[in-house]
Amino acid sequence: MALSKSIGIQVKGIINLVPKNSEDNQSLDLLSEEERTSLIKHTGIRYRRVNPNDKISVKDYFNVGVEKLLNQLKWEKESIDILICVTQTPKVAIPSVACQIHGDLDFESHVLCYDINSGCSGFVYGLHTISQLLVGIDKSGARAILCCGDISTSLIDSADRSVRPIFSDAVSVIGIEKTGDESISGYFNLETMGKGQNAIRTEPGKNGDSFMRLNGIDVFNYSVSHVPTNIQKLVDYSKKSIDGMDAFVFHQANKLINDSIAKKAGLDSSKLISSLYEYGNTASASIPLTLGTAWNDLSVKSKWILISGFGVGFSIASAMINFNPEICEPPEEIELN
């Protein structure tokens, strides 16, 4: 198990963006009225965000988010040392989305850029990767930008009753900084259950497209069997009290899975935050987006939170992080042309 810690790394800001266009599961013509009601009850998902134009890419949303983040944090582009994108829906395979953003927004040549192909656990993996890279940079106040998100609907067969009602389009852009503080800022437990690789996958369609396929029973079983154990290993490693966490934020898989994990892990369900009803499963953006929906309204005491991402791979990544950002924005609806 990949247990590790970070020193002196802080999330300074989170910007969340969603398409203005949405779908309502209560009106979904794939399902009967009874099926719609049952689906919303068990998944917790009513509304999903849908990118309205396939010419608009995840990079386009990231570009907007990066500029908003820099503006709100009052960070100069010259101060950025790392730019990493976590996405599974690039418009093109080459070049990386991170390099495209670098060129579009005219960043300095010293910036380290690359993509991470990851989904549901991607935010935690990205945060861990950047935390380790920042520590290694011989510079006071080194800064990084982490872009997470997908146009998941580009992978959806519109007639697929198991996938279409679940997934939603969104991106999050996160500013992360090396503070110089020598105290521990995070604990991580990153694991992989590769036997579950087919639980969520893509398969070729008839016209050369690829569509996401989902085995709901496998996803449930892997999640409920392995995520609570992953969390317990993390808690034991950190030697911190789980009761001292201000919030628990899971990848937004669905309500039944997340409630089951919380119960099996013995977590206080009143601290479990959800964005499922309004936004659905937003892939690697789901944890930062969910934080954005609730952080400013939470009763914050310890400034520590527990986060856990799990899914595609089958990959699991949990962390306990010191979290006290300058900005943590609710999702902003945008229209791109």
Side-chain angles (χ1 to χ4, degrees), residues 11 14-19 45 48-49 51 57-66 69 82-91 96-98 101 113-131 144-156 163 166-176 188 190-192 197 199-202 212 214 219 223 227 230 249-254 257-258 273-276 279-293 305 307-319 321 328-329 331:
V11 173
I14 296 177
I15 297 291
N16 297 298
L17 302 175
V18 295
I45 299 168
R48 293 168 290 103
R49 300 304 173 124
N51 183 41
S57 70
V58 71
K59 181 207 72 168
D60 298 321
Y61 287 95
F62 283 152
N63 279 345
V64 174
V66 169
L69 180 79
I82 298 168
L83 172 60
I84 289 178
C85 292
V86 178
T87 187
Q88 296 182 129
T89 56
K91 195 70 172 177
S96 71
V97 177
I101 296 169
C113 290
Y114 60 83
D115 290 357
I116 297 175
N117 181 344
S118 185
C120 317
S121 63
F123 170 67
V124 185
Y125 266 89
L127 183 60
H128 177 268
T129 299
I130 283 178
S131 296
I145 294 176
L146 173 62
C147 297
C148 294
D150 283 295
I151 307 299
S152 294
T153 57
S154 67
L155 298 176
I156 292 176
V163 174
I166 303 298
F167 289 91
S168 186
D169 299 333
V171 304
S172 298
V173 178
I174 302 99
I176 304 165
F188 295 83
L190 313 180
E191 295 183 305
T192 307
Q197 62 185 282
I200 309 170
R201 64 197 185 281
T202 57
M212 190 189 321
L214 176 70
V219 173
S223 300
V227 177
N230 177 277
V249 191
F250 294 164
H251 163 60
Q252 300 295 283
N254 68 46
I257 288 175
N258 287 5
I273 306 172
S274 176
S275 62
L276 283 164
Y279 299 103
N281 182 329
T282 49
S284 61
S286 72
I287 293 174
L289 182 144
T290 302
L291 279 165
T293 65
I305 61 174
I307 59 179
S308 184
F310 47 89
V312 176
F314 196 90
S315 173
I316 304 172
S318 300
I321 61 171
C328 188
E329 294 288 311

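Computed from heavy atoms alone, side chains included, the values below leave out hydrogens, waters and symmetry copies.
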### Task
Tell me, with the steps shown, if Asn51 and Ser154 meet side chain to side chain contact (heavy atoms under 4.5 Å, CB included).
CA-CA 8 Å; Asn51 183 41; Ser154 67; over 6 Å; no
### Message
Using side chain to side chain donor-acceptor pair (under 3.5 Å), reason through Thr153 and Asp169 one step at a time and then give a plain yes or no.
### Response
CA-CA 7 Å; Thr153 57; Asp169 299 333; 2.5 Å; yes
### Task
Report the C-alpha separation of Phe310 and Asn258 in whole Å, then their side-chain angles, then the decisive distance to 0.1 Å, and conclude whether the side chain to side chain contact (heavy atoms under 4.5 Å, CB included) test is met.
CA-CA 10 Å; Phe310 47 89; Asn258 287 5; 3.4 Å; yes
### Thr293 and Ser274: CA distance, side-chain angles, deciding distance, side chain to side chain contact (heavy atoms under 4.5 Å, CB included) verdict
CA-CA 8 Å; Thr293 65; Ser274 176; over 6 Å; no
### Query
Between Asn281 and Asn254, does a side chain to side chain contact (heavy atoms under 4.5 Å, CB included) hold up when you go through it step by step?
CA-CA 7 Å; Asn281 182 329; Asn254 68 46; over 6 Å; no
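For the atom pair Ser275 OG and Leu291 CG, the distance stands at 9.5 Å (nearest 0.5 Å). Here the CD-CD1 distance, from Gln252 to Ile273, works out to 9.0 Å after rounding to the nearest 0.5 Å. Here OG of Ser318 is found 8.5 Å from CG of Leu190. Values are rounded to the nearest 0.5 Å. Atom OG of Ser172 sits about 8.5 Å away from atom CZ of Phe62, to the nearest 0.5 Å. Note that the CZ atom of Arg49 and the OH atom of Tyr279 stand 5.5 Å from one another [nearest 0.5 Å]. Atom OG1 in Thr290 sits 11.5 Å away from atom CZ in Phe250 (nearest 0.5 Å).
Shortest non-hydrogen contact noted between Val86 and Gly126 is CG2-CA, 4.3 Å. Between Cys147 and Val66, the closest heavy-atom pair is SG-CG2, 3.7 Å. Residues Gly149 and Ser284 come closest through the heavy atom pair N-OG, 2.9 Å. Among all heavy-atom pairs drawn from Ala317 and Val124, the shortest one is O-CG2, 3.5 Å. The two atoms that bring Ala253 and Ile166 nearest to each other are O-CG2, 4.1 Å, heavy atoms only. Here the shortest heavy-atom pairing between Pro90 and Val58 reads CA-CG1, 4.4 Å.
Under the side-chain hydrogen bond (donor to acceptor under 3.5 Å, both in side chains) criterion, Ser168 pairs with no residue, sequence neighbours left out. Qualifying side-chain hydrogen bond (donor to acceptor under 3.5 Å, both in side chains) partners for Thr129, counting only residues two or more places apart in sequence or in other chains: none. Applying the side-chain contact (heavy atoms from CB on, under 4.5 Å) rule to Asp60 yields the partners Ile56, Ser57, Leu336; only residues at least two apart in sequence or on another chain are considered. Qualifying side-chain hydrogen bond (donor to acceptor under 3.5 Å, both in side chains) partners for Asp150, counting only residues two or more places apart in sequence or in other chains: Thr87, Thr89. Qualifying side-chain hydrogen bond (donor to acceptor under 3.5 Å, both in side chains) partners for Thr282, counting only residues two or more places apart in sequence or in other chains: none.
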Taking distance alone, no hydrogens or angles, what donor-acceptor pairs closer than 3.5 Å link side-chain atoms of residues 113-122 to residues at least two apart or in another chain?
from, atom 1, to, atom 2, distance (Å)
Asp115, OD1, Val97, N, 3.3
Asp115, OD1, Ala98, N, 2.9
Asp115, OD2, Val97, N, 2.7
Ser121, OG, Ser315, OG, 2.7

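For the pairing with Pro288, the side-chain contact (heavy atoms from CB on, under 4.5 Å) check across Asn16, Val11, Val171 returns one residue only, Asn16.
Between Ile174 and Leu127, every side-chain heavy-atom pair lies at or beyond the 4.5 Å cut-off.
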